[in-house]
Amino acid sequence: MGKDVIIACDFDSKEKTLAFLDQFQGEKPFVKIGMELYYAEGPAIVREIKARGHRIFLDLKLHDIPNTVKKAMAVLSGLDVDICNLHAAGTRPMMEAALEGLRRPDGTRPLLIAVTQLTSTDEETMRRDLLIDRPLDQVVMHYARTAAQAGLDGVVCSPLEAGKVHEACGRQFLTVTPGVRFAGGDTGDQKRVTTPARAKELGSDYIVVGRPITAAEDPVAAWKRCVAEFVD
Ligand code: C5P
């Protein structure tokens with residue numbers, strides 16, 4: 001798969017999501033379905049969006065014992081999603097079990113990527129609540145390397161970390177990067193933001209873009225602008 005823009009469909013209902021996607025007419029952007037929409041509408045929303053011809057990143061961030069994650073991944077892979085994810089903190093045995101669960105009877109499987117440390121966790125909370133004393137960037141890179149060793153396809157990270165991740169884990173290891181804003185745009189609650197053009201220069205493989213597209217006056221034009229800056 002080449003570089004692409006993934007739209008974070010952070011809506012709380014099927015109606016809002018489909019009304020949003022209807023605006024794209026013949027175009028079929030890659031979409032991310034997160035916990036909010038999945039828990040509101042269940043697997044049916046995944047099937048419906050897939051049937052409309054979109055590729056789907058199902059962002060459910062699994063984290064449990066290996067056997068439970070393996071079985072859950074087998075169910076998600078049956079939904080024919082293109083990318084799914086888990087927490088690298090679940091450790092290598094959990095990631096390996098997840099990969100086994102994802103493999104379909106025909107040998108294919110969705111791509112599997114790992115969340116390293118959430119961007120809402122900083123060094124202070126990591127030390128206080130998780131008893132991890134190392135610098136945050138070392139922890140993120142260690143989790144990325146462990147994910148690569150487990151056979152995963154990539155990580156979710158900041159575009160600012162994409163180069164380092166590729167150095168440590170190889171150019172083929174995917175970097176899927178949120179925190180993207182247009183130059184001069186509203187940053188909202190994102191702290192370290194990058195434009196689509198800069199994310200391309202930094203080597204991101206996929207950018208995940210939510211509000212700059214979903215809250216735009218013309219979402220299709222905003223998506224096209226992202227594609228023009230990041231892909232073309
Ligand atoms: O609206 P915005 O562009 O900030 O949306 C970014 C999307 O990426 C949201 O769905 C958010 O949950 C997700 N995300 C993130 N940072 C991470 C992991 C996921 O912003 N580290």
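Every value quoted in this text rests on a predicted model; they were computed, and no experiment measured them. When a ligand or atom number is given, it counts from 1 through the structure's own listing order.
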Kindly confirm or rule out an N or O of [X] lying under 3.5 angstrom from an N or O of ligand 1.
X: Asp59; answer: no
X: Val156; answer: no
X: Lys61; answer: no

Close-contact set for ligand 1 against [X] heavy atoms, below 4.0 Å:
X: Pro212; value: 3 (O)
X: Gly210; value: 1 (O), 2 (P), 3 (O), 5 (O)
X: Arg211; value: 1 (O), 2 (P), 3 (O), 4 (O)
X: Ala8; value: 7 (C), 10 (O)
X: Asp10; value: 9 (C), 10 (O)
X: Arg181; value: 1 (O), 2 (P), 3 (O), 4 (O)

*Do the ring planes of Trp223 and Phe24 sit parallel (below 30°), tilted (30 to 60°) or perpendicular (above 60°)?*
perpendicular
*asked:* For Asp205, is there an ion pair with Arg171 - N to carboxylate O distance below 4.0 angstrom?
replied: yes
_Salt bridge flag under 4.0 Å for residues Lys71 and Asp64_ = no
*Measure Ser158 to ligand 1 on non-hydrogen atoms and call it side chain, backbone, both or neither using the 4.0 Å cut-off.*
neither
_Within-shell test, Leu118 vs ligand 1, heavy atom, strictly < 4.0 Å_ = no
*Kindly say whether the aromatic ring centers of Tyr206 and Phe57 come within a distance under 6.0 Å.*
no
